Amino acid sequence: MMLPELRRVVYEQNMELQKRGLVTYTWGNVSGIDRDKGVFIIKPSGVDYDKLSPENMVIVDLEGKRVEGDLNPSSDMLTHLELYNHFPEIGGVVHTHSPYAVAWAQAGRDIPCYGTTHADYFYGTIPCTRSLTPEEIDAGYERNTGVVIIETLEERKINPIHTPGIICRNHGPFAYGKNAEDAVYHAVVLEEVAKMALFTKQINPDAGPAPKHIMDKHFLRKHGPNAYYGQKK
């Protein structure tokens, strides 16, 4: 069996979504890539979480062909594939239907950076994509979901490592990171930030984004060249 350690990690991170309350039933998936071998591992489609195991994770190559596993990969596999092929810096991808992030996606609204919690992890606005056209859906819904994510990031000149999440209009959030664990962490934070942003707008509908100097300070103290948050490794 290929890549037992990555299988274990991807399995555990899929279970982490359930532990953190980000998934209902089977509404979520995590993948992780081994770039040296040119394959990634993803949750099987529609399998209950209590039936998941490292052994039934599915291995897919970078053309979308199943390499190992008896089950079909997640129906969102082609979205993950587009992101892996376009962004070599991404090592893990997560998709959920977590309710606060989905609410912003269904409203078709970006999630503004209102304060320091957001700025600690996402540099600036978390973007919302446009809706897919009927033609894009007919031509390949899941693949074109990835294409529209890429289009949005490139049009807005957003670095997916600095802003490691996005919401797809009428659909829900995707998050990414340097590996599967990192991507899940960002998915959890994205949901919390979406919740805080909703409460902010309810309390003050006229609230504006945090000043850039505050956003810069909080992002750069964790992620900048002179970052000092946490312990030295």
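Counting begins at 1 with the first residue of the sequence. Just so it is clear, the structure is predicted and the values come from calculations on it, not from any experiment.
Judged by distance alone, the side chain of Asp34 and the main-chain N or O of Val39 form no donor-acceptor pair under 3.5 Å. Side chain of Asn144 to main chain of Glu136: a donor-acceptor pair is present (N/O by atom type, distance under 3.5 Å, no hydrogens or angles). The backbone N or O of Ile126 sits nowhere less than 3.5 Å from a side-chain atom of Thr163 that would complete a donor-acceptor pair. Arg7 contributes no side-chain N or O that, together with a main-chain N or O of Ile41, makes up a donor-acceptor pair within less than 3.5 Å. Side-chain atoms of Glu68 come within 3.5 Å of backbone atoms of Met2 as a donor-acceptor pair (strictly under, hydrogens ignored). With hydrogens and angles disregarded, a donor-acceptor distance shorter than 3.5 Å links the side chain of His223 to the backbone of Asp120.
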Take Glu192 and Thr117, measure what side chain to side chain contact (heavy atoms under 4.5 Å, CB included) needs, and give me the verdict at the end.
CA-CA 9 Å; Glu192 289 298 309; Thr117 307; over 6 Å; no
Evaluate the side chain to side chain contact (heavy atoms under 4.5 Å, CB included) criterion for residues Leu81 and Leu62: first the C-alpha distance (whole Å), next the side-chain angles of each, then the deciding distance (0.1 Å), finally the verdict.
CA-CA 6 Å; Leu81 177 69; Leu62 293 179; 4.2 Å; yes
Evaluate the criterion side chain to side chain contact (heavy atoms under 4.5 Å, CB included) for residue pair Leu220 and Asn226; output intermediate values, then yes/no.
CA-CA 8 Å; Leu220 294 172; Asn226 298 311; over 6 Å; no
Go through the steps to decide whether Glu55 and Tyr11 satisfy the test side chain to side chain contact (heavy atoms under 4.5 Å, CB included), and finish with yes or no.
CA-CA 9 Å; Glu55 291 73 27; Tyr11 161 75; over 6 Å; no
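Met215 and Val189 fall into different hydrophobic clusters, where Ile, Leu, Val, Met, Phe, Trp and Tyr are joined by side-chain heavy atoms under 4.5 Å apart, directly or via other members. Residues Tyr176 and Val10 fall within the same hydrophobic cluster, defined by Ile, Leu, Val, Met, Phe, Trp and Tyr side chains chained together at heavy-atom separations under 4.5 Å. Taking hydrophobic clusters as Ile, Leu, Val, Met, Phe, Trp and Tyr residues chained together by side-chain heavy-atom distances below 4.5 Å, Ile161 does not share a cluster with Leu83. In the hydrophobic cluster analysis, where Ile, Leu, Val, Met, Phe, Trp and Tyr join through side-chain heavy atoms closer than 4.5 angstrom, Ile150 is grouped apart from Val148. Residue Val147 is not grouped with residue Ile158 when hydrophobic side chains (ILVMFWY) are merged at heavy-atom distances under 4.5 angstrom, including chains of intermediate members.
For the atom pair CG (Asn85) and CD (Glu63), the distance works out to 9.0 Å, reported to the nearest 0.5 Å. Annotation: the span from Thr129 atom OG1 to Glu151 atom CD amounts to 8.5 Å, rounded to 0.5 Å. In this structure, the separation between CG on Leu52 and CG on Asn14 is 6.5 Å, given to the nearest 0.5 Å. Taking OG1 of Thr116 as the reference point, atom OH of Tyr114 lies at 15.0 Å (rounded to 0.5 Å).
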Residues 202-210 side chain polar contacts: donor-acceptor under 3.5 Å, at least two apart:
unit_1, atom_1, unit_2, atom_2, d
Asn204, OD1, Asp206, N, 3.0

Name each donor-acceptor pair under 3.5 Å that joins a side chain in residues 86-104 to protein atoms two or more places apart or in another chain, with its distance.
unit_1, atom_1, unit_2, atom_2, d
His86, NE2, Glu154, OE2, 2.5
His95, ND1, Pro173, O, 2.8
His95, NE2, His97, NE2, 3.2
His95, NE2, His171, NE2, 3.1
Thr96, OG1, Ser98, N, 3.2
Thr96, OG1, Ser98, OG, 3.2
Ser98, OG, Glu191, OE1, 2.8
Trp104, NE1, Ala194, O, 3.0

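Pro73 and Val60 make their closest contact through CB-CG2, 4.1 Å (heavy atoms, listed as atom of the first residue, atom of the second, distance). Contact between Leu6 and Ile33 at its shortest, heavy atoms only, is CD2-C, 4.0 Å. Minimum heavy-atom separation, Cys128 to Asp110: N-OD1, 2.8 Å. Considering every non-hydrogen atom in both Phe40 and Met77, the closest pair reads CZ-CG, 3.8 Å. What you find for Thr145 and Cys168 is that their closest heavy atoms are CG2-SG, 3.9 Å.
Evaluated for a side-chain contact (heavy atoms from CB on, under 4.5 Å) with Leu22, the options Lys19, Arg20, Gln18 yield exactly one hit, Arg20. Partner of Val193 under the side-chain contact (heavy atoms from CB on, under 4.5 Å) criterion, out of Leu198, Ile111, Val188: Ile111 alone. Just one residue in the list Phe219, Tyr185, Tyr229 forms a ring pair (Phe, Tyr, Trp, His ring centres under 6.0 Å) with Tyr121, and that residue is Tyr185.
A donor-acceptor contact closer than 3.5 angstrom links the side chains of Ser131 and Asn170.
Environment of NZ in Lys37: sparse, with no more than 12 heavy atoms of neighbouring residues, nucleotides or ligands closer than 6.0 Å. Enclosure of atom CZ in Arg109 is not indicated, since only 12 or fewer non-hydrogen atoms of other residues, nucleotides or ligands lie within 6.0 angstrom.
With sequence neighbours excluded, the residues satisfying salt bridge (charged side-chain N to carboxylate O under 4.0 Å, His left out) with Arg143 are Glu82. Remark: Val9 pairs with Glu5, Gln13, Ala180, Glu181 by the side chain to side chain contact (heavy atoms under 4.5 Å, CB included) rule, at least two apart or across chains. Residues satisfying the side chain to side chain contact (heavy atoms under 4.5 Å, CB included) criterion with Ile137, sequence neighbours excluded, are Leu132, Tyr141. Under the salt bridge (charged side-chain N to carboxylate O under 4.0 Å, His left out) criterion, Glu155 pairs with no residue at all, not counting sequence neighbours.
Classification of the Tyr25-Trp27 ring pair by plane angle, with boundaries at 30° and 60°, yields perpendicular. Aromatic ring pairs are classed by plane angle as parallel below 30°, tilted from 30° to 60° and perpendicular above 60°; the pair Phe174 and His80 is perpendicular.
Asp61 and Lys65 are not joined by a salt bridge, as no carboxylate oxygen comes within less than 4.0 angstrom of a charged side-chain nitrogen.
Residues Lys43 and Ser31 are not in side-chain contact: their nearest non-hydrogen atoms beyond the backbone lie 4.5 Å or more apart. Side-chain contact between Leu71 and Arg66 is absent, with no heavy atoms from C-beta onward closer than 4.5 Å. Using a 4.5 Å cut-off on side-chain heavy atoms (C-beta onward), Val47 and Thr26 make no contact.
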